[in-house]
Amino acid sequence: MAKYLAKRIFYLVLTLFIVITVTFFLMKLLPGTPLTNQAKLSKSQIALIYEQYGLNKPVWQQYLLYLAGAVRGNFGTSFQFSDQPVSYLLSSRIGPSLQIGLQAMIFGVIIGIIVGSFGAMKQNTWVDTSATFVSILGISIPSFVLAVLLQYYLGLKLGWFPIAEWGGFIYTVLPTLALGATPLAESARFVRTEMVDVLSSDYIELAKAKGLSRTGVIYHHALRNSLIPLITIVGPLAVNIMTGSMVVENIFSIPGIGEQFVKSVLTNDYPTIMGLTIIYSFMLCVVLLFTDILYGIVDPRIRITGKAN
Amino acid sequence: MADTVKLPEDSFKPISADDRTALDSEKIAAPSLTFAQDAWRRLRKNKGAWISLIVLAIVFIMAFGSIFVSPHDPNAVNPSYANLPSKIPGIGINGFNGTLVQAGQRVDAYKQAGASNLHYIMGTDYLGRDLFSRVLYGTRISLIIALVATLFDLTIGVTYGMFSGWKGGRIDTIMQRIIEIILSIPNLVVIVLLILILKPGMTSIIIAIALTSWTNMARLVRAQTMELKEQEFILAARTLGERPMQIAFKHLLPNLSSVIIINTMFTIPNAIFFEATLSYIGIGISSPQASLGTLLNDGQKNFQFLPYQMWWPALVLSIIMLAFNLLGDGLRDAFDPRTKE
Amino acid sequence: MENEKNILEVRNLQVNFKTYAGDVKAIRDVSFDLRKGETLAIVGESGSGKSVTTRTIMGLNASNADIASGTIKYKGDDLLKKSEKEMEAIRGQDIAEIFQDPMTSLDPTMKIGRQIAEPLMVHKGMKKEKALAQALEMMKLVGITDAENRINDYPHQFSGGMRQRIVIAIALVNYPEILIADEPTTALDVTIQAQILNLMKELQDKISTSIIFITHDLGVVAGMADRVAVMYAGKIVEYGTVDEIFYNPKHPYTWGLLSSMPTMDTGGDELPSIPGTPPDLLDPPKGDAFAARNAYALKIDTEKEPPFFKVSDTHYAATWLMHPDAPEVTPPAQIVERQKKYADMQSKLVQTQRTTGPVEEEEEQQ
């Protein structure tokens, strides 16, 4: 187990290193400098700003400095807000994003499991048809369309929830629903397929032959076997939520990193974009590592520990 | 227990040769179908997929037909007819009859604008452009982006996957590691970075989407190739000295086709979705060009007062996504009957 | 044929499967008895309806199955009239089943001890610890070595043969009255097959259960069964004691089955096989379903289904060849030899019986 973990963490570090390197040099290809935003500066002013951002050093020195900084969580200074370090900007914004992302994931997956397993249990009935319909619909409607609709109808018209503000839990409800729709749909689809498969398997037949009741069969045998593989799609779902959050945070004016990413892109704030890219990549790597380990723990067939015998 | 009924005289004669051929023990009841015919039959039985196929055909014909026949010029600005709501002749339902609520009262917007004799079935936008024409135009752009990106991604993905799976060993490990690294950054982030470098525009959107979304195809094709590689007919071809390229095109590709077709059905809506998101963020297609994403973005700004301006593009986008997803599902079931009963 | 000794009586069973193409008539009027303590083998090709028969007994048919007619009396009660709840109480308690493929019939994510203990917890309401203790005893009984240490292992940690032993332990843990074994050795290596068969026989003696043994392999029947029923296209075509079926078969289909079975005497010659394929049960042929593949087919075979003709008190065959008006036919050489051996055996038996006491058996009909 320890060996496996060490190997996985080594790969994680390697991946992040490559991500940092590639983003750094990609950004160096870009024409913009912090000066594009501020017109008409004297030569000495320009030199001063260049020095402030370390842009007067050769590229390889800049790279090494950036790398050294990134390891310590220092991603340089924002172009947009010239007095703010990127790390400060982002650390103050990651909280809301994490909260909404996690809420959306938990809400989506739990409802998805319920919808999906009911669909599979009542295969080819109206329950199944509507479960399938919900999941296909959830996949087909982009989260930003859903976000606008929720904001307008539940927020503005019915006045149930505040719109475009950030405060307590009540402010997170609509964004969570908008972001959670796709995970809900995806996991419902996944669970249904898995469970239909499991329900037609021989060991379910044997469980029935043992005299277990229908609920007993589902509770003791079918559920666990169809839910374990669900762990494998948590990574892709996390990507989906990260992607969706960029637009959804914008619509609901949530001070998160997704909203910041869009802002930075529109203002060519390269240091912030780089920092965010690294953070997104880091979060995704951690999620993937976590789900892999979890899968190994829950599924006896791929116990990473590998007993001695 | 013996039969008491009187049996015909010749009952106990051995049956004649003619009778025997008539019995034909090898008779197969169902007509034999090729794999493609069988898949087609199953697809047609799947109502959702079949309707989706028809809907997509209509969407394609309308979107591309509008190059030649369009109700209005999608870029013709006409400020005096700005923000007119939907008006479909013959339908009196609010929302489709050219009326809207102004200061608490429902008024005929067309009469106000002095255009009572005109009708815009999806209404007009803030510059008085016909929304229906713009939606057709936007759908066309979205579809072109998605199709071209998918074509590239197909080529890259299939080649990469086949090569990786066929070579195996070290090369495969390294190639898979590369995919893992690409997958460790959310696709949209990579696409945004690429677009920043390439300058926003249709070409860079296509390139950016193509460069990022092939990984899924590559993985599927790789897995399938590895499986096929071990099968006898490939082994036979190798033993007979066929060159790898021949094997790839003659034996591998046909057997990979179902995986490729199914995955394509999911790549296209993904590309449409990415394009829409990019345009929505504001680094996609720039005006006066339009895509479904930019139309949504424009419509969303006025959603509170002129909801139809977002509803129409949102509806079209969702229908396209829905149709591709249902068709993809249907194709998967058609190619692999095991998945459904 | 109502009989005190019969633990299970199946009468005129008809099962259809509704499919998009129409009704598949999987079981077409099947009747048989299972006596206490005996092993009844049901033999036939795949698709002949063997498994559907057992599934119907267990009440575990697919949802599109329609039991058109018939009764299945277990200890006098018709199982087909029982509610789902009542059937749950019978399954795993009175009637248990072993499936074909041990690689897939165990829950991959549940410890095997728990899987064996489950029927005890369900039917006897035992607490987990007590059930596990009994499961351990069962594991020892079915010959799992080092059972104490392996009770918490998962199925993938066992070989195929060991897994089938586990499946047997699950089936027998409640000492069921009837054990249905659906091709229990088909998926196993030949050497393991013998072990499993021996184990089943041994356990049958220990816990005195009746066995319905489903197989397509006549080879395993000989050492296992007391009586044999041969099924073809959803019908039983011949049944009798194991000796009668092996040495004095009457139905051409049984001849075919026996001839295609390799024996010690089979030389280097090609093994004969039954030509053709079973009929399409969507639309079963008129008359005898086997006629098309039958080298001895008569005209009437294409017109009327043959009834059962009595060979002996225990032996019946559904073929027109048994009709008094039917022409004499010579079975394949191998069968003739078998019948000759049988006749020898019988005459010796008659002689010894004459010397020892009165003959109870009815005269043998040839």
Side-chain angles (χ1 to χ4, degrees), chain A residues 113 117-129 191 194-232 294-309, chain C residues 51 54-55 57-60 62-64 84-112 114-124 146 149-150 152-157 166-167 170-171 173-174 176 179-180 182 187:
Chain A
I113 290 172
S117 27
F118 269 103
M121 279 186 263
K122 311 261 176 208
Q123 214 187 329
N124 301 328
T125 62
W126 66 270
V127 179
D128 188 20
T129 314
V191 168
E194 279 297 320
M195 199 164 215
V196 165
D197 235 32
V198 166
L199 284 178
S200 65
S201 69
D202 289 353
Y203 59 86
I204 292 299
E205 188 84 5
L206 182 70
K208 288 183 198 158
K210 283 177 182 177
L212 262 72
S213 63
R214 200 177 153 66
T215 39
V217 170
I218 300 226
Y219 184 72
H220 290 296
H221 297 277
L223 263 186
R224 188 177 18 181
N225 281 292
S226 31
L227 291 191
I228 288 175
L230 188 65
I231 298 171
T232 56
L294 188 68
Y295 197 72
I297 291 172
V298 206
D299 192 326
R301 281 164 296 185
I302 29 169
R303 286 267 151 92
I304 308 153
T305 45
K307 271 189 185 170
N309 50 349
Chain C
S51 294
T54 60
R55 254 156 236 258
I57 297 171
M58 293 291 279
L60 287 178
S63 55
N64 62 340
E84 179 56 27
K85 266 247 114 28
E86 290 169 317
M87 279 312 287
E88 275 165 18
I90 288 172
R91 284 199 287 265
Q93 165 71 24
D94 298 87
I95 308 177
E97 187 166 3
I98 305 173
F99 294 94
Q100 181 171 350
D101 189 355
M103 302 313 270
T104 55
S105 46
L106 291 168
D107 184 339
T109 61
M110 190 184 267
K111 292 172 180 171
I112 60 131
R114 173 73 204 270
Q115 295 195 46
I116 300 173
E118 223 173 9
L120 294 167
M121 291 155 72
V122 172
H123 294 288
K124 304 251 159 58
D146 198 16
N149 289 320
R150 306 218 64 181
N152 283 328
D153 280 355
Y154 289 92
H156 71 280
Q157 291 165 296
I166 295 166
V167 175
I170 292 173
V173 74
N174 272 333
L179 174 67
I180 298 172
D182 191 351

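Below, read A as the first sequence line, B as the second, and so on, with proteins coming before strands; counting in each chain starts at 1.
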- Heavy-atom contact with chain A under 4.5 Å, split by part of C:Ile170: side chain
- Measure distances from C:Gln115 to the heavy atoms of chain A and classify the residue's part below 4.5 Å as side chain, backbone, both or neither. both
Of all heavy-atom pairs between [X] and [Y], which one has the smallest distance, and what is that distance?
| X | Y | value |
| --- | --- | --- |
| A:Gly211 | C:His123 | CA-NE2, 3.8 Å |
| A:Arg214 | C:Glu88 | N-OE2, 3.8 Å |
| A:Pro300 | C:Pro108 | CG-O, 3.5 Å |

- Item | Greatest number of heavy atom pairs closer than 4.5 Å to chain C - which of A:Ser213, A:Gly216, A:Ser200, A:Ser201 | A:Ser213
- Count the heavy-atom pairs under 4.5 Å between each of A:His220, A:Glu205, A:Lys208 and chain C, then report the option with the highest count.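 Top option by heavy-atom pairs under 4.5 Å: A:Glu205.
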- Task: Between chain A and each of C:Arg114, C:Met58, C:Glu118, count heavy-atom pairs under 4.5 Å; write down the option with the most.
- Result: C:Glu118
- Which residue out of C:Met87, C:His156, C:Met110, C:Glu84 racks up the most heavy-atom pairs below 4.5 Å with chain A?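 Answer, by heavy-atom pair count under 4.5 Å with chain A: C:His156.
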- Does the pair A:Arg224 and C:Asp107 meet the rule for a side-chain contact (heavy atoms from CB on, under 4.5 Å), with working shown? CA-CA 10 Å; A:Arg224 188 177 18 181; C:Asp107 184 339; 4.2 Å; yes
When rounded to the nearest 0.5 angstrom, what is the spacing between [atom1] in [X] and [atom2] in [Y]?
| X | Y | atom1 | atom2 | answer |
| --- | --- | --- | --- | --- |
| A:Leu206 | C:Asp101 | CG | CG | 12.0 Å |
| C:Met103 | A:Asp202 | CE | CG | 12.0 Å |
| A:Ile204 | C:Leu60 | CD1 | CG | 12.0 Å |

- Query: Is the count of non-hydrogen atoms from other residues, nucleotides or ligands lying under 6.0 Å from A:Lys122 atom NZ greater than 12?
  - Reply: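 No.
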- Message: Run the side-chain contact (heavy atoms from CB on, under 4.5 Å) test on A:Lys210 and C:Val122 for me, step by step, so that the C-alpha distance in whole Å, both residues' side-chain angles and the decisive distance to 0.1 Å come before the verdict.
- Response: CA-CA 8 Å; A:Lys210 283 177 182 177; C:Val122 172; over 6 Å; no
